[in-house]
Amino acid sequence: MTKALALVLAVALAAIAVLHLYWGLGGFWPGHDEASLVDMVIGMPAGTPIPPLWACAVVALCLLVPAGGGLILSGALPNVFPRGLRWAPAAALWASAFVFLARGASTYVSPLAESARGTAFYELDRILYAPLCLALAAGLVGVGLMKPQTPKA
């Protein structure tokens, strides 16, 4: 069960990472131009530029780190970290779970979310982005709490 959950999370996080790279390379989906993408994905005023490739790549990397951590903790991948750093995958997983929880919850409790009111992002955040972040946080916590299943000899 742990490996299956970790795999589902890894696929979801990798897909979101690829989407961020796509935007960094100039893609507009789900919009049709830069202005519509900013309106739907960033929630900033018209004329706000899309973040540069390096920023999108950093976000993509930050999404792939907990994916790998979950796969390692579940036993789906071996922990190849040196002995003194064997804790790194768990730390990455728990830190990412906290970030996703904070990101998801902030939509509903932070007055900062009100700054996007009137944009497509505002509605998408409430019905898609924030619930996805909360689901990812819950999945990461689940992987972190479950013990990997070892085959019986």
Which atom names give the shortest non-hydrogen contact between G70 and L93, and what distance separates them? CA-CD1, 3.6 Å

Is the shortest heavy-atom distance from the side chain of L85 to the side chain of P82 under 4.5 Å? yes

With respect to P66, which candidate in L13, V143, L73 satisfies the side-chain contact (heavy atoms from CB on, under 4.5 Å) definition? L13

Please assess L37 against W29 for the test side chain to side chain contact (heavy atoms under 4.5 Å, CB included), listing each intermediate value before the final yes or no. CA-CA 7 Å; L37 180 65; W29 183 87; over 6 Å; no

Go through F100 and L140 one step at a time and tell me if the side chain to side chain contact (heavy atoms under 4.5 Å, CB included) criterion holds. CA-CA 9 Å; F100 280 116; L140 291 169; 3.8 Å; yes

Separation between CG (L71) and CG (L5), nearest 0.5 Å, reads 10.0 Å

Charged N to carboxylate O below 4.0 Å: is that the case for R117 and D125? no

Polar side-chain atom of Y108 near backbone of R126 as donor-acceptor pair, under 3.5 Å: yes

Separation of L21 CG from L53 CG (nearest 0.5 Å): 7.0 Å

Assess the side chains of S36 and D33: does a donor N or O sit below 3.5 Å from an acceptor N or O? yes

Is any side-chain heavy atom of P131 closer than 4.5 Å to a side-chain heavy atom of I127? no

Heavy-atom side-chain proximity of S96 to L63 below 4.5 angstrom: no

Would a 4.5 Å heavy-atom cut-off, applied to side chains only, mark F28 and I50 as touching? yes

If you count heavy atoms of other groups shown closer than 6.0 angstrom to OH of Y22, is the number above 12? yes

Does any part of the side chain of E34, heavy atoms only, come nearer than 4.5 Å to the side chain of P49, both counted from C-beta? yes

Can you tell me how far apart OG (S74) and NZ (K3) are? Round to the nearest 0.5 Å. 6.5 Å

Looking at CD of E123 and CE of M40, how far apart are the two atoms once the value is rounded to the nearest 0.5 Å? 12.0 Å

So which atom in V65 and which in A92 form the shortest heavy-atom distance, rounded to 0.1 Å? CG1-CB, 3.5 Å

Polar side-chain atom of S106 near backbone of A102 as donor-acceptor pair, under 3.5 Å: yes

Going hydrophobic residue to hydrophobic residue with side-chain gaps under 4.5 angstrom, can you get from V59 over to L64? no

Treat each ILVMFWY residue as a node, draw an edge where side-chain heavy atoms are under 4.5 Å apart, and state whether V109 and F98 are in one component. no

Verify the cluster assignment for L19 and L128: are they in a single hydrophobic cluster under the rule of side-chain heavy atoms below 4.5 Å apart? yes

With the side chain counted from C-beta on, respond yes when Y129 and T107 share a heavy-atom pair under 4.5 Å apart, and no when they do not. no

Under 4.5 Å between any side-chain heavy atoms of W87 and N79, yes or no? no

State, to 0.1 Å, how close A130 and G104 come at their nearest heavy-atom pair, and which atoms those are. CB-O, 3.5 Å

Nearest atoms (heavy-atom pairs only) where V141 meets A97: CG2-CB, 4.0 Å

With hydrophobic residues grouped by side-chain heavy-atom distances under 4.5 Å, do W23 and L124 end up in a single group? yes

Under 4.5 Å between any side-chain heavy atoms of L132 and L136, yes or no? yes

Has R86 got a side-chain atom pairing as donor or acceptor with F81's backbone, closer than 3.5 angstrom? yes

